[in-house]
Amino acid sequence: MLPYPSGKLHMGHVRNYSIGDALARYMWMRGHDVLHPMGWDAFGLPAENAALQRGQHPRDWTLSNIAQMKAQMYRLGFSIDWSREVATCEPQYYRWNQWFFIKMFERGLAYRKEALLNWCPECGTVLANEQVVNGCCWRHETTPVEQRAMRQWFLKTTAYAGELLDDMKELEGGWPERVLAMQRNWIGRSEGAEVDFTVDGSGEKVRIFTTRIDTIYGATCLILAPEHPLVSTLVTNEDDRLKIKEMIDATARQDPGNIEKLGLFTGAYAIHPFNGVRVPIWIGNFVLMGYGTGAIMAVPAHDQRDFEFCRSFDIAIAPVIRPVDGLLPVGEAMTEAWTGYGIVENSGEWSGLPSEEARIKMATYAKAHDFGAESITYRLKDWGISRQRYWGTPIPIIYCPTCGMVPVPESDLPVILPLDVQITGKGRSPLEAVPSFIDVPCPRCGEPARRESDTMDTFVDSSWYFYRYCDPHNDHAPFDSTAIAKWFPIDQYIGGITHAILHLIYSRFWTKVMRDLGLITNAEPAKNLFTQGMVLKDGSAMSKSKGNIVDPDEMTRKYGADTCRLYTLFAAPPERDMDWNESGVEGQYRFLARVYRLVTRLADRACEAPAQPRSSDRKALRKLHQTIAKITGDFDSRWHFNTSIASLMELVNELYSLETSLSPAPVAEICRTLTLLLGPFAPYTAQDLWEILGQTGPVFRQPWPISDPELAKEDMIEIPVQVNGKLRAHLYVPHETPVAELERMALALEKVKPFIAGKTVVKVIVVPGKLLNIVVR
RNA sequence: GCGGAUGUGGCGGAAUUGGCAGACGCACUGGAUUUAGGUUCCAGCGGGGGAAACUUCGUGAGAGUUCAAGUCUCUCCAUCCGCACCA
């Protein structure tokens, strides 16, 4: 069992690529310059995996593996602008990852610290907070992560927390609201104040964070997180220390969101900085060390959690906010906290002020007296990027006993992975056991030193791969800035919702860092984001643990790549989740076969001697041009390819029924156009038909067909006739029939007469070309 | 609890700007072709009533606006997703 992901192209990818590929092909046919690289997944994980399966060393995963990936993608019929190909696992890419890392290290944006980290026993590595899903690894959904204290490398995403949040304003409209909502939530900005309480006796300060400084006179105790550094000095009693340890363990075991409130009195008191009152210092498991300062003031009267805590430990409840409508909270008789804003009372000189005003004035006062200040807290944490894996970019740092942490000189980049490595999947990084890699001289003093053995999270690679695509063979910089200026920000990024707070935060962060390094000018990577729905099987997301995986390779062998792609586009609009249903796949297979038979038959027909035009020709051309208009409209507005494909099916059905009565003249044009329309969705079939029709060159380099409104226009229009909003009849009339004439005809209809007989026609509503409604009373 | 969505036949879905509800496909039924099965082709297919013409009800529930509501407004219900003791 190797400690590597068994990543493989799955149906979610196929759907993702089908959407992007259809769009790119359409844009090409419309004459646009499109850089259409497939996602990082296409190059990264599966290539690594394939290499491992063949027993190759990942260090050599370069062109041969890209070639293999190419073959896989081609087999699935995806087009990629190969002239700009790049793979994130090539040594050149390692080099620029390391180059960026050193730039960040020099600016304090990359740093190393000891921290409790999420450890996945299955991967044998640590994970970032964003990569933990329901307490489990994002790759191993049933393996709970463990907490381990380790020294690890972090990137300072928190330095950009405010900007990451503020710049979302520019993404509104272009990004799905739910992704923005998830990111807002994840960044978790909250405005408040920090206030220092002094420990009575020792004089030590306890800093707390609150969003409701206006309630501070209602603080009846302080509560520290069990992990708070002050706990060890306040609690000296062995029994209590044991209890605190138990508290931490018990909290970790429980279901999040439903954790029993545990508390312990430290025996110490703190001095309230506003009124000098001594308040007890408690320890509570509901206070999180990772948020704010890890300590709070408990205001039981105005915070529900504090209320529950103080109730169960018999701590005083002191209301200090009165609702504007004048009703007082009832103090000790309260059954729940009152969390609204109102008028401050029982609060010394601030009594009588509205909450909002008191907040500002009290924070100003705290600052003037040097015991606090306004403060903004974010929930976002720094991104832990160390991984104890073999594959991945080595972190370019050397530890020297005298010089400390020394970055690898730029001339020595890239640091590449050693070949002589034993991959056990156990314990620490496999690189630690490779002396030729680990033991190096210090670049500064030349004395023996040790190389960092951790490698970077692969989300580092995915954070900027799309920039490298613009200039993949550059060997003196990550890319040329002018190449970026041409393509960035990305006009349209397409991805799964699963990356809403992983990849999409990291890549936004990376973009801002690169901008501050002066490499690019855009502050955001992508103007527009489209998140396609998931591919479900039997109502739930496909996953290895559930065993409901549909293998694209197997489907391709059975039905062909075009069928799979067509089905992923047809089964639902792209933003919606779709259920995988194999009989639906067969429907698409039938459709493609039907098109193929039709076009090959008609190709022979086109060669027949010319004949008199027939009425069927007109009908077929009309449907053809209506279909062009429909599909063009779908591409230009909403990407509902399910309706595009439905309209292609309608066209094919119509051509089937007209087939025998068509004259040879329009047949060639109809076949060519049908093939071009099919091109973005089923490129293999389209290319095949294109050649059968005697044409040359790639279909997606042909101009997109243009709908002729005259040919698309119906001769006669059908107007529904309603009486009091109920459908009663239809009128078949020429286009420019005058309104008065329509009214006269409608009122004279045999089917209408019984419904208006004996009643007064109040008015007749005519919506030109649409409908006619007779209102009677 | 907070946030984001969604609700239409047996199923996936269509109705893009308030204007014929159910396009297209799947499943099903019948017919043609076939020794047979499969394939292919043709037809039917929301519920009730009717032999049929036709009629009536119908877009989670209830109200409202309108000549007209799946679509707009309000109230409620259900489901899904994300976050969740965030001070």
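Every chain is numbered from 1 and lettered A, B, ... according to where its sequence line falls, protein lines coming before strand lines.
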Q) Are any of Arg638(A)'s side-chain N or O atoms less than 4.0 Å away from OP1 or OP2 of A14(B)? A) no
Q) Which nucleotide in the set C67(B), A87(B), A14(B) lies at the smallest distance from any side-chain heavy atom of Val287(A)? A) A87(B)
**Q.** Side chains of His735(A) and Ile717(A) in contact at under 4.5 Å (non-hydrogen atoms)
**A.** yes
Q. Of all heavy-atom pairs between Leu262(A) and Phe313(A), which one has the smallest distance, and what is that distance?
A. C-CZ, 4.0 Å
Q: Consider the side chain of Arg728(A), meaning its heavy atoms from C-beta on, and name the nucleotide among U56(B), C67(B), C24(B) that approaches it most closely.
A: U56(B)
Q: Choose from C85(B), A87(B), C41(B) the nucleotide whose nearest atom is closest to any side-chain atom of Ser190(A).
A: A87(B)
(Q) Check this one for me: any side-chain N or O of Arg576(A) less than 4.0 Å away from OP1 or OP2 of A14(B)? (A) yes
Q. When you match Phe286(A) and Met578(A) each to their closest nucleotide on RNA chain B, which lands nearer the 5' end?
A. Met578(A)
Q) Is any N or O donor-acceptor pair between the side chain of Asn185(A) and the base of C83(B) shorter than 3.5 Å? A) no
Q) Think Arg594(A) has a side-chain N or O under 4.0 angstrom from the OP1 or OP2 of U39(B)? A) no
Q: Would you mind telling me which of C85(B), G13(B), C41(B) lies closest to the side-chain atoms of Ala572(A)?
A: G13(B)
Q: Establish whether the base of U56(B) is bridged to the side chain of Lys726(A) by a donor-acceptor pair shorter than 3.5 Å.
A: no
**Q.** Listed partners of Arg189(A) passing salt bridge (charged side-chain N to carboxylate O under 4.0 Å, His left out), at least two apart
**A.** Glu191(A)
